[in-house]
Amino acid sequence: ADWKPFKNRRGGRDVSGVQYLRGCEVLGFLNEDGKVISQSEREMQLRESGQRQRGVQRRIRVMLDPAQFQADQIVKSKTGEWPYDNIQMVVRRRSEENNFKAVLECIRDIANSEISIPVWLRDIILGYGDPRAAHYSRLSDRITSFDFCDTFISDKHLKDSFPNAAVTLNGCSGTRFQVSFGGTHDAVEIQATSNAAPVTSPYPVTERRNTVPFTPVQVEAIHSAMNVGMTLIIGPPGTGKTDVAVQAISNLYHNFPGQRILLITHSNHALNDLFEKIMQLDIDEKHLLRLGRGEEGLKTSKDFSKWGRVQHMLDMRMQLLMKVGKLAMAMGMDPTGPQASCEAAAHFYLIHVLAKWEVYE
């Protein structure tokens, strides 16, 4: 900052009264005894109820800007002026609104951490380079083959979704396709193979699948979101942005089952809208967790909060143990022991079920 006094002169008269302006970080408040005044929730409640800390003097412990402080020392050595001896007013922002420093610290920690961060993401965060370089089509490590799951309604929908590419369909027609991209930028070649949905249960189940006939632009947005790099989807209300995001999330869930997906929205309503549509697709609810406030706004009787997910796993545990007990009864055994715990069920499987299965084979 410039050392010249900060003045707002109107008609030759200083009306601001501010000569020097410096920034700092408030580390804490000290009372008359030199003890730190806690700002915990209990202390806040005490102050709101009318009870106050002892004494009337307060000392503020702050951290100054090192670069500005060094500049002030240089000026002091030349002119003798030292603004820190005559501080008359301290203005502090509310901690709930002052997140600028936290954002900068997050960027700094990410840049200095040992976590492997893509170069394109680091450049975008720091504001370097061309943002278009983060698109998957410009990255050398882009993925060329995906399982598009239930993105397409039919094989015709698949071909219509890539109007500028030569699409070759291998195998019988269906609604689930493994799509491979090849060729050049000017002549894209697509090989699509029909895949059957994986069988996850020996019993008939109601298949939850997409019913939205995505347009070619939306399909390209889904393809981009599934690939490496950054994808930005914009558009006016009612153009299907949420449906595209939900389908991309579902495809990522099935293509990369060992990875985690984090959803962040600007409001609770937007997150609930995403969550409700995700629940309608083929995603196991045991892998869904909603954090933050607004969970009560979900249009479902299930609890997707942290504790609700724990309770869900405990309920699933009891249901599976009851099935173990039924299996023990079918084998002419007392179900009390095998269904007592997961360890007992594992011993039951090893000693009784696996032994009979080996004899059968």
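- Hydrophobic clustering places Val62 together with Trp82 (ILVMFWY residues linked when any side-chain heavy atoms are closer than 4.5 Å, directly or through intermediates).
- Applying the ring pair (Phe, Tyr, Trp, His ring centres under 6.0 Å) criterion to Phe152, with sequence neighbours excluded, gives Phe148, His157.
- Taking the side chain as every heavy atom from C-beta outward, Lys156 and Leu169 never approach each other to under 4.5 Å.
- At a threshold of 4.0 Å, the pair Asp65-Arg22 does not count as salt-bridged, since none of the basic side-chain nitrogens sits closer than that to a carboxylate oxygen.
- With respect to Phe177, the side-chain contact (heavy atoms from CB on, under 4.5 Å) criterion is satisfied by exactly one of Asp155, Thr193, Ile190: Asp155.
- Among residue pairs with one or both ends in residues 247-257, those qualifying as side-chain hydrogen bond (donor to acceptor under 3.5 Å, both in side chains) are Asp150-Gln247, Thr151-Gln247, Thr151-Asn251, Gln247-Asn251, Tyr253-His287; sequence neighbours excluded.
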Open item on the list: Applying side-chain contact (heavy atoms from CB on, under 4.5 Å) to Met316 and Gln319, what does each step give before you reach the verdict?
Closed with: CA-CA 5 Å; Met316 290 295 298; Gln319 294 178 16; 3.9 Å; yes

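- Residues Val219 and Val188 are members of one and the same hydrophobic cluster, defined by side-chain heavy-atom contacts under 4.5 angstrom among Ile, Leu, Val, Met, Phe, Trp and Tyr.
- A distance-only check finds no donor-acceptor pair linking the side chain of Arg138 to the backbone of His135 [under 3.5 Å].
- Applying the ring pair (Phe, Tyr, Trp, His ring centres under 6.0 Å) test to Phe256 and every residue at least two apart in sequence or in another chain returns nothing.
- Separating the NZ atom in Lys277 from the OG1 atom in Thr242 is a distance of 5.0 Å, to the nearest 0.5 Å.
- Within the structure, every pair that satisfies the ring pair (Phe, Tyr, Trp, His ring centres under 6.0 Å) test and touches residues 302-324, not counting sequence neighbours, is listed here: Phe275-Phe304.
- Side chain of Asn272 to main chain of Gly294: a donor-acceptor pair is present (N/O by atom type, distance under 3.5 Å, no hydrogens or angles).
- Contact check for Ile153 versus Asn210: side-chain heavy atoms found under the 4.5 Å cut-off.
- The side-chain hydrogen bond (donor to acceptor under 3.5 Å, both in side chains) test applied to Arg260 returns no partner, not counting sequence neighbours.
- Other members of the cluster containing Val353 are Val324, Leu327, Met331, Met333, Phe348, Tyr349, Leu350, Leu354, with ILVMFWY side chains joined at under 4.5 Å, either directly or via other members.
- Under the 4.5 Å side-chain heavy-atom criterion for Ile, Leu, Val, Met, Phe, Trp and Tyr, Leu64 and Ile60 are members of the same hydrophobic cluster.
- Here the side chain of Lys299 pairs no donor or acceptor atom with the backbone of Asp273 at under 3.5 angstrom.
- Alongside Met313, the hydrophobic cluster contains no other residue (criterion: ILVMFWY side chains under 4.5 Å).
- The side-chain hydrogen bond (donor to acceptor under 3.5 Å, both in side chains) test applied to Gln191 returns Asn170, not counting sequence neighbours.
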Anything under 3.5 Å between a donor and an acceptor, one on a side chain of residues 222-233, the other on a protein residue two or more places apart or in another chain? List them.
| unit_1 | atom_1 | unit_2 | atom_2 | d |
| --- | --- | --- | --- | --- |
| His223 | ND1 | Tyr136 | OH | 3.2 |
| Ser224 | OG | Thr231 | OG1 | 2.7 |
| Asn227 | OD1 | Ile143 | N | 2.8 |
| Asn227 | ND2 | Ile143 | O | 2.9 |
| Thr231 | OG1 | Ser224 | O | 3.0 |
| Thr231 | OG1 | Ala225 | N | 3.4 |

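- Linking ILVMFWY residues whenever their side-chain heavy atoms come closer than 4.5 Å, directly or via other members, leaves Leu274 and Leu291 in distinct clusters.
- Linking Ile, Leu, Val, Met, Phe, Trp and Tyr whenever their side-chain heavy atoms come within less than 4.5 Å leaves Val217 and Val246 in two separate clusters.
- In the hydrophobic clustering, where aliphatic and aromatic side chains (Ile, Leu, Val, Met, Phe, Trp, Tyr) are joined below 4.5 Å either directly or transitively, Met63 groups with Leu27.
- In terms of the side-chain hydrogen bond (donor to acceptor under 3.5 Å, both in side chains) criterion, Lys356 has no residue partners (sequence neighbours excluded).
- Partners of Gln178 under the side-chain hydrogen bond (donor to acceptor under 3.5 Å, both in side chains) rule, at least two apart in sequence or in another chain, are Ser145.
- For the pair Asp303 and Gln311, the minimum side-chain heavy-atom distance is 4.5 Å or more.
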